[in-house]
Amino acid sequence: MEYGKLNVNVTSDDNNRPISGATVRITAESTPEQTIEESTTDSQGQLTDIELPAPPLEYSMNPTADKPYSEYAIFISAPGFETIEVNGAEIFSGETAIQNASMIPVDRSESDSAELFVIPDHTLWGDYPPKIPESEIKSIEETGEIVLSRVVIPEYVVVHDGPPSDNSAKNYYVKYTDYIKNVACSEIYSTWPTSTIQANVLAIQSFTLNRVFTEWYRNKGYDFTITSSTAYDHKWIPNRNVFQSISRVVDEIFNNFLSRPNVEQPILTQYCDGKNVSCPNWMSQWGSKSLGDQGYSAIEILRNYYGDSIYINETEEISGIPSSWPGTNLVVGSSGDKVRQMQRQLNVIAGAYPLIPTIAVDGIFGPRTEEAVKTFQKVFNLTQDGIVGFKTWYKISQIYVGVSRIAELV
């Protein structure tokens with residue numbers, strides 16, 4: 001028998017603060033009346049390392065007739081909040097799945113019943129329409145006036161949960177990094193080589209930022225950034241679980257995208273699965289997995305499909321964070337206003353996540369500040385090195401804004 005793990009993070013939809021003591025019950029999708037696991041969240045709103053049976057790892061390594069993941073139902077309840085039910089949560093052998101749950105207070109609920117989310121088949125397993133080809137670089141004539149003057153990582157994207165013409169489909173406001181993680185977990189397997197995951201994440205990010213940069217849908221009269229239709233964009237699924245291996249890659253490279261020489265906009269990097277659909281000059285997902293197995297790096301995989309002129313670009317323009325990264329890592333011995341700001345934000349976060357120790361806001365990065373940074377990194381699944389680099393700075397800012405709802409200008 002092989003197993004995967006499940007971590008559950010429960011927060012309040014009102015203020016993004018963790019909900020301790022929430023009851024989490026897990027059943028097999030096929031037998032919802034039989035409880036496999038039931039426990040409560042800790043002071044960080046977390047329940048971690050629940051082991052659940054999963055199919056053999058080899059099923060996800062090559063296209064086969066066997067489903068490579070098992071499916072579970074997750075029921076989450078807490079006093080004063082509407083119950084959440086997730087059907088179809090995916091567990092892969094050897095992988096850690098993360099189920100984030102944002103609970104709606106009862107006084108804001110529009111229904112007496114549980115909030116139900118049904119996770120459809122993974123795109124590599126299910127039957128989805130192939131991407132409608134588009135040019136990888138958008139001209140002004142195609143899109144109308146390009147609104148943005150530079151590439152900026154948005155705080156949120158607005159996802160239309162259906163094809164563009166479906167006026168009945170709901171729009172969701174989704175944090176950019178959460179959107180990328182969701183799409184990557186819906187379209188590739190977390191068991192694949194790290195370089196393959198990186199290549200696919202870069203393609204997803206570049207495609208998404210092209211939609212943002214060119215205001216593609218808004219210039220057509222729509223009120224959203226991107227759709228969840230695989231025919232037009234990428235598969236995004238409300239409240240699906242994500243996987244730790246993919247989540248960490250996104251946290252590492254979320255501000256990267258793909259460029260070509262003398263082209264300002266991110267490249268609209270299209271791809272297909274390479275099994276049910278072939279796509280010359282686009283990346284094949286199964287093909288990228290094969291190249292990763294052979295030791296290809298992410299850029300080597302991408303150049304194999306998109307040509308040698310493609311390269312990895314990055315931007316430090318991040319909307320929605322209180323203040324820009326100082327440009328160098330903050331470590332023990334660092335001092336100044338940026339350290340002071342980081343300390344103040346960590347203390348606000350510690351008010352919601354008590355595992356994180358409060359620290360003196362003195363602008364001096366000492367051992368106590370390092371301890372607080374390491375604990376923050378542990379709570380939010382980052383590398384626990386005690387260094388506030390770009391990735392940790394952005395995460396601190398993101399969580400600070402979430403729990404305080406204040407985007408101060410410092």
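The analysis underlying the following values was restricted to heavy atoms, covering all of them including side chains, and did not include hydrogens, waters or symmetry mates. All residue numbers in this chain count up from 1 along the given sequence.
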Quick one: does K338's side chain get under 4.5 Å of S324's, heavy atoms only?
-> yes
Tell me whether the centres of the aromatic rings in Y69 and W125 are closer together than 6.0 Å.
-> no
How many angstroms lie between OG1 in T269 and CZ in F207, if you round to the nearest 0.5 Å?
-> 7.5 Å
Measure from the side-chain N and O atoms of Q377 to the backbone N and O of G386, and report whether any donor-acceptor pair falls under 3.5 Å.
-> yes
Decide yes or no for P133 and W282: does some side-chain heavy atom of the first lie under 4.5 Å from some side-chain heavy atom of the second?
-> yes
Which atoms form the tightest heavy-atom contact between I26 and I50, and what is the distance?
-> CD1-CD1, 3.7 Å
Heavy-atom pair of closest approach, residues T41 and V24 = CG2-CG2, 4.2 Å
State whether the number of non-hydrogen atoms from other residues, nucleotides or ligands found under 6.0 Å of D49 atom CG is greater than 12.
-> yes
Between the side chain of Q265 and the main-chain N/O of K138, is any donor-acceptor distance below 3.5 Å?
-> yes
Give a yes or no on whether the backbone of P266 and the side-chain of S206 come within a donor-acceptor separation of less than 3.5 Å.
-> no
Side-chain touch I267/N210, heavy atoms, less than 4.5 angstrom = no
Can any side-chain N or O of S319 pair as donor or acceptor with the backbone N or O of E155 at less than 3.5 Å?
-> yes
Return yes if some donor-acceptor pair links the side-chain N/O of N219 with the main-chain N/O of E215 below 3.5 Å, else return no.
-> yes
I would like to know whether S309 and R260 meet side-chain hydrogen bond (donor to acceptor under 3.5 Å, both in side chains); could you show each step before the answer?
-> CA-CA 6 Å; S309 69; R260 292 202 190 276; 2.7 Å; yes
Apply side-chain hydrogen bond (donor to acceptor under 3.5 Å, both in side chains) to the pair Q198 and T194, showing each step before the final yes or no.
-> CA-CA 6 Å; Q198 290 168 337; T194 300; over 6 Å; no
Taken to the nearest 0.5 Å, the spacing of L258 CG from E136 CD works out to 10.0 Å
Euclidean distance, N239 CG relative to E85 CD, rounded to 0.5 Å = 11.5 Å
Side-chain donor or acceptor of T392 paired with backbone N/O of G389 under 3.5 Å = no
Do Y59 and S93 have side-chain heavy atoms sitting under 4.5 Å apart?
-> no
Give the intermediate values and the outcome of side-chain contact (heavy atoms from CB on, under 4.5 Å) for residues K289 and M61.
-> CA-CA 8 Å; K289 193 268 179 183; M61 294 307 186; 3.6 Å; yes
Which atoms form the tightest heavy-atom contact between W236 and S228, and what is the distance?
-> O-CB, 3.5 Å
Main-chain N/O of D362 paired to Q343 side chain as donor or acceptor, under 3.5 Å = yes
Flag the pair E371 and K374 as a salt bridge only when some basic side-chain nitrogen lies within less than 4.0 angstrom of an acidic carboxylate oxygen.
-> no
How are the rings of F224 and Y217 set relative to one another: parallel (under 30°), tilted (30 to 60°) or perpendicular (over 60°)?
-> tilted
Show your reasoning for whether ring pair (Phe, Tyr, Trp, His ring centres under 6.0 Å) applies to Y128 and H234.
-> CA-CA 11 Å; Y128 292 89; H234 297 135; over 10 Å; no
Are any side-chain N or O atoms of T64 and backbone N or O atoms of D66, one a donor and one an acceptor, separated by less than 3.5 Å?
-> yes
Considering all heavy atoms of both residues, which atom of T227 and which atom of V159 are nearest to each other, and what is their separation?
-> C-CG1, 4.2 Å
Determine, for R340 against D337, whether the closest basic-nitrogen to carboxylate-oxygen distance falls under 4.0 angstrom.
-> yes
For the rings on F254 and Y394, is their centre-to-centre separation under 6.0 Å?
-> yes
Taking the side chain as C-beta and beyond, is there a heavy-atom pair between W286 and L124 under 4.5 Å?
-> yes
Crowding at OH, Y311 (>12 non-hydrogen neighbours, <6.0 Å) = yes
Go through the side-chain N and O atoms of N16 and T11 and say whether any donor and acceptor fall under 3.5 Å apart.
-> no
Please report the C-alpha distance between T225 and Y156 in whole Å, then the side-chain angles of each, then the deciding distance to 0.1 Å, and finally whether the side-chain contact (heavy atoms from CB on, under 4.5 Å) criterion is met.
-> CA-CA 9 Å; T225 312; Y156 289 89; over 6 Å; no
Do the side-chain N and O atoms of N7 and Q46 include a donor-acceptor pair separated by under 3.5 angstrom?
-> no
Does NZ in K170 sit with more than 12 non-hydrogen atoms of other residues, nucleotides or ligands closer than 6.0 Å?
-> no
side-chain contact (heavy atoms from CB on, under 4.5 Å) between T191 and E95: does it pass, once the steps are laid out?
-> CA-CA 7 Å; T191 55; E95 294 294 300; 3.6 Å; yes
Does any N or O in the side chain of N200 come within less than 3.5 Å of the main-chain N or O of T196, such that one atom is a donor and the other an acceptor?
-> yes
M342 vs T369, side-chain contact (heavy atoms from CB on, under 4.5 Å): CA-CA, chis, key distance, verdict = CA-CA 9 Å; M342 178 266 294; T369 297; 3.8 Å; yes
The reported gap from CD1 in I84 to CD1 in I104 (rounded to nearest 0.5 angstrom) is 7.0 Å
How about D127: does its CG atom have over 12 heavy atoms from other parts shown lying under 6.0 Å from it?
-> no
Between R211 and E134, is there a salt bridge with N-O shorter than 4.0 Å?
-> yes
Test N256 against Q205 for side-chain hydrogen bond (donor to acceptor under 3.5 Å, both in side chains), laying out the working first.
-> CA-CA 7 Å; N256 290 179; Q205 290 177 175; over 6 Å; no
Measure the shortest side-chain to side-chain distance between F365 and V373 over non-hydrogen atoms and say whether it is less than 4.5 angstrom.
-> yes
Spacing of I36 atom CD1 and Y72 atom OH [to the nearest 0.5 Å] = 5.0 Å
Side chains of K131 and C272: closer than 4.5 Å at any heavy-atom pair?
-> no
Scanning both residues in full, the closest heavy-atom pair of H160 with N171 reads ND1-OD1, 2.7 Å
Heavy-atom closest contact (K5 atom, I91 atom, distance) = O-CD1, 3.9 Å
Roughly how far, to the nearest 0.5 Å, is the NZ atom of K175 from the CD1 atom of I180?
-> 15.0 Å
On the 0 to 90° scale, with breaks at 30° and 60°, tag the F92-Y189 ring pair as parallel, tilted or perpendicular.
-> tilted
Under the 3.5 angstrom rule, does the side chain of E187 hit a backbone N or O of K235 as a donor-acceptor pair?
-> yes
